[in-house]
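Owing to the predicted nature of the structure, the values given are computational and were not obtained by experimental measurement.
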Amino acid sequence: ERIVETKTLADFYRNGYYQYKSDAASFIVEITNTGKVASDCVVLGFVQSDNDPDAPLNKLFDFQRAYVPVGQKVNVTLSITPESISVTNKYGNERIVPGKYNIYLGDYMNKNYV
């Protein structure tokens, strides 16, 4: 489990650093091609939160496409920015809500993620 303080991201957001990326909020994903054909692979990063009723069920925060030769491994990095965890309520107020967020990395639609 990794903990990133939402206050840190909120402070960057308030100061205009909407796309700020830090090592603390970045994840390295290793892709292994176990098939018989070289292929591209798209790794998706989703964030989920129960902290706010206005938050979407899942929000895509980053993705990377990588070419993976047969039998090889490739690393990609996905990063969470302050903007990616911000939500806008029905009144148009955008904010970052303190609390816990679940991060899903991988192929979320096929339930192949961590």
Side-chain angles (χ1 to χ4, degrees):
E1 179 176 306
R2 182 183 300 183
I3 297 174
V4 178
E5 295 292 327
T6 53
K7 181 183 181 322
T8 302
L9 291 175
D11 288 344
F12 284 119
Y13 195 78
R14 276 191 288 278
N15 291 316
Y17 298 105
Y18 308 116
Q19 298 297 322
Y20 175 80
K21 294 182 180 181
S22 73
D23 290 340
S26 294
F27 302 89
I28 297 172
V29 180
E30 182 179 87
I31 306 165
T32 304
N33 185 344
T34 59
K36 296 179 182 179
V37 178
S39 178
D40 281 355
C41 178
V42 178
V43 179
L44 304 174
F46 287 95
V47 63
Q48 185 182 72
S49 172
D50 296 331
N51 304 327
D52 188 339
D54 294 321
L57 295 177
N58 293 303
K59 185 175 181 181
L60 180 69
F61 68 82
D62 201 359
F63 69 93
Q64 290 290 322
R65 176 184 299 270
Y67 176 77
V68 188
V70 175
Q72 299 293 312
K73 296 178 182 182
V74 175
N75 289 338
V76 297
T77 302
L78 301 181
S79 298
I80 298 175
T81 63
E83 184 178 47
S84 64
I85 65 167
S86 68
V87 294
T88 304
N89 65 15
K90 60 186 174 186
Y91 304 108
N93 299 319
E94 190 170 19
R95 68 220 184 279
I96 294 176
V97 179
K100 290 188 176 189
Y101 291 81
N102 296 315
I103 305 299
Y104 298 97
L105 306 169
D107 185 1
Y108 183 79
M109 299 309 280
N110 293 315
K111 298 192 185 316
N112 184 16
Y113 56 86
V114 291

Is there a side-chain contact between [X] and [Y] in this structure, where contact means two heavy atoms from C-beta onward sitting under 4.5 Å apart?
{"X": "S84", "Y": "V47", "result": "no"}
{"X": "Q64", "Y": "L78", "result": "yes"}
{"X": "I31", "Y": "V43", "result": "yes"}
{"X": "F61", "Y": "T81", "result": "no"}

query: When rounded to the nearest 0.5 angstrom, what distance separates CG in D62 from CD1 in I80?
result: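 Rounded to the nearest 0.5 Å, the CG-CD1 separation comes to 9.0 Å.
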For residues 69-77, dump all side-chain donor-acceptor pairs below 3.5 Å to protein atoms at least two apart in sequence or in another chain.
none

Please name the pair of heavy atoms, one in [X] and one in [Y], separated by the smallest distance, quoted to 0.1 Å.
{"X": "V87", "Y": "P56", "value": "CG1-CD, 4.1 Å"}
{"X": "A55", "Y": "S49", "value": "CB-O, 4.3 Å"}
{"X": "V37", "Y": "N33", "value": "O-ND2, 3.0 Å"}
{"X": "R95", "Y": "T88", "value": "NH1-C, 4.2 Å"}
{"X": "V68", "Y": "C41", "value": "CG2-CB, 4.4 Å"}

- prompt: Is it true that V29 and Y67 fall in one hydrophobic cluster, defined by side-chain heavy atoms closer than 4.5 Å?
  reply: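 In one cluster: no.
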field: Distance-only side-chain donor-acceptor flag, Q48 / Y101, under 3.5 Å
entry: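 Side chains of Q48 and Y101: no pair found under 3.5 Å.
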message: Test your reading of the model: is there a side-chain donor-acceptor pair from K59 to the backbone of S86, 3.5 Å cut-off?
response: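 Yes: the side chain of K59 pairs with the backbone of S86.
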